Amino acid sequence: MRVTQSMISNNTLRHISDSYSKLAQLDEQISTGKKFSKPSDDPVAAMRAMGYRSDLNNIQQYQQNIGEVKTWVDSTDDALNQAVLALQKIRELTVEASNGSLESNQRSYVATEIEQLKEQIGNIADTQIGGKFIFNGVNTQKAPTKDGFYEGSTDQQSINLEVFPGITLPLNTPGKDLFQELTANGDNDPLQSLINDLKDTNSSESTISGHLSEIDKQIDKFLTARANVGAKQNRVELMDDRLNSQEVISTQILSDNENVEVEKVIMDLTMQEAVHRAALGVGAKIMQPSLMDFLR
């Protein structure tokens with residue numbers, strides 16, 4: 001085959017153009033830190049990146065959900081602890097009032113203090129997080145108490161959030177069984193019954209001490225609820241650790257797929273520059289001078 005000067009020139013220009021393209025690609029990789037800037041640069045890696053990024057976005061959403069669960073659970077635990085402390089204080093006051101050392105006016109003072117503690121328990125039932133009432137079942141926009149008495153939503157189901165594919169955790173703890181009896185408006189309220197007996201000068205010490213078993217029952221109920229919340233807290237911590245590990249892994253996979261190794265790209269760029277200069281030098285030697293060159 002006859003090789004002409006035109007063929008040599010065209011091939012040389014094409015190779016030099018390809019070399020410029022490689023230099024431009026390496027320069028862009030160093031500037032952006034990415035292996036590709038558009039899907040056509042590497043379709044396979046681009047498709048993988050879409051999947052990896054979707055996984056990472058899902059994990060970050062689950063982390064937000066687990067953070068919401070953690071906030072509710074921690075607040076619930078604190079509220080239940082405050083209720084237990086109030087009931088234990090009521091028990092101490094009841095024991096003090098039942099030992100026969102207090103006069104009638106002093107028992108009245110005890111009754112007044114227990115009334116304040118009863119009101120405090122009602123305030124605990126109205127605990128809110130971000131404007132949502134945590135002890136009113138699914139009806140979180142409405143206060144469960146009215147005039148100090150727990151009414152509560154009839155729907156005391158759990159509010160669940162997904163924290164992992166196929167795994168949900170309950171946010172709330174139903175408050176009806178915990179607070180309704182303690183803030184009832186009537187004879188079924190054990191605290192009000194205790195207060196009435198303390199104010200009644202005819203009530204005996206045995207009558208006062210008879211309320212201790214009911215108070216203990218209420219304390220046990222709150223302690224059981226708090227134990228369940230504690231178990232939920234442990235699971236939340238485990239799920240949070242798992243999501244954090246998954247985030248690290250997914251971020252690393254995405255980085256390996258998209259990000260360049262700067263040191264390697266710099267080396268490739270240096271080599272490509274050397275090749276490009278060599279190509280320019282060789283092209284300048286093999287391309288025959290034209291008539292214009294002689295005229296210069």
Side-chain angles (χ1 to χ4, degrees), residues 1-71 161-167 169 236-296:
M1 181 179 69
R2 181 172 176 270
V3 179
T4 64
Q5 176 63 30
S6 177
M7 294 172 61
I8 294 175
S9 298
N10 290 337
N11 285 337
T12 300
L13 292 174
R14 186 176 69 252
H15 293 325
I16 291 175
S17 178
D18 291 342
S19 179
Y20 273 123
S21 297
K22 292 179 181 178
L23 285 171
Q25 182 182 19
L26 291 170
D27 179 69
E28 184 174 4
Q29 288 180 352
I30 291 177
S31 299
T32 63
K34 301 293 183 181
K35 294 179 181 178
F36 52 89
S37 58
K38 53 185 181 295
S40 59
D41 293 341
D42 192 339
V44 175
M47 289 296 295
R48 288 176 178 170
M50 291 175 62
Y52 297 151
R53 197 170 295 281
S54 177
D55 291 341
L56 183 59
N57 290 338
N58 289 337
I59 289 173
Q60 290 172 345
Q61 180 60 56
Y62 291 140
Q63 286 178 317
Q64 292 181 13
N65 291 352
I66 202 73
E68 181 77 3
V69 174
K70 188 174 183 179
T71 299
L161 275 183
E162 188 174 18
V163 296
F164 215 74
I167 299 177
L169 289 179
V236 167
E237 292 293 337
L238 291 173
M239 292 302 304
D240 191 32
D241 291 341
R242 184 179 179 185
L243 286 171
N244 289 337
S245 298
Q246 289 291 319
E247 183 186 25
V248 172
I249 294 171
S250 296
T251 301
Q252 183 61 50
I253 292 174
L254 182 62
S255 176
D256 292 343
N257 183 71
E258 290 186 358
N259 298 338
V260 297
E261 296 180 21
V262 178
E263 297 83 359
K264 181 178 182 302
V265 177
I266 291 175
M267 291 179 60
D268 291 343
L269 180 61
T270 303
M271 293 178 61
Q272 186 60 39
E273 286 177 343
V275 171
H276 183 71
R277 292 179 182 277
L280 291 174
V282 171
K285 292 181 180 179
I286 66 175
M287 292 180 67
Q288 294 181 0
S290 65
L291 178 60
M292 294 299 298
D293 294 319
F294 285 107
L295 293 177
R296 294 194 186 103

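Numbering starts at 1 and runs along the sequence shown. Just so it is clear, the structure is predicted and the values come from calculations on it, not from any experiment.
Applying the salt bridge (charged side-chain N to carboxylate O under 4.0 Å, His left out) test to every pair with at least one member in residues 43-56, sequence neighbours left out, gives these pairs: R53-E258.
Annotation for L56 and S250: closest pair CD1-CB, 4.1 Å, computed over non-hydrogen atoms.
Residues passing the side chain to side chain contact (heavy atoms under 4.5 Å, CB included) test with I249, sequence neighbours excluded: I253.
With rounding to the nearest 0.5 angstrom, the CE atom of M239 is 4.5 Å from the CD1 atom of I167.
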Under 3.5 Å, side-chain donor or acceptor atoms of residues 58-69 against the rest of the protein: list the pairs with distances, not counting sequence neighbours.
from	atom 1	to	atom 2	distance (Å)
N58	ND2	S54	O	3.3
Q61	NE2	N65	OD1	3.2
Q63	NE2	N244	OD1	3.0
Q63	NE2	E247	OE1	3.0
N65	ND2	E162	O	2.8
E68	OE2	W72	NE1	3.2

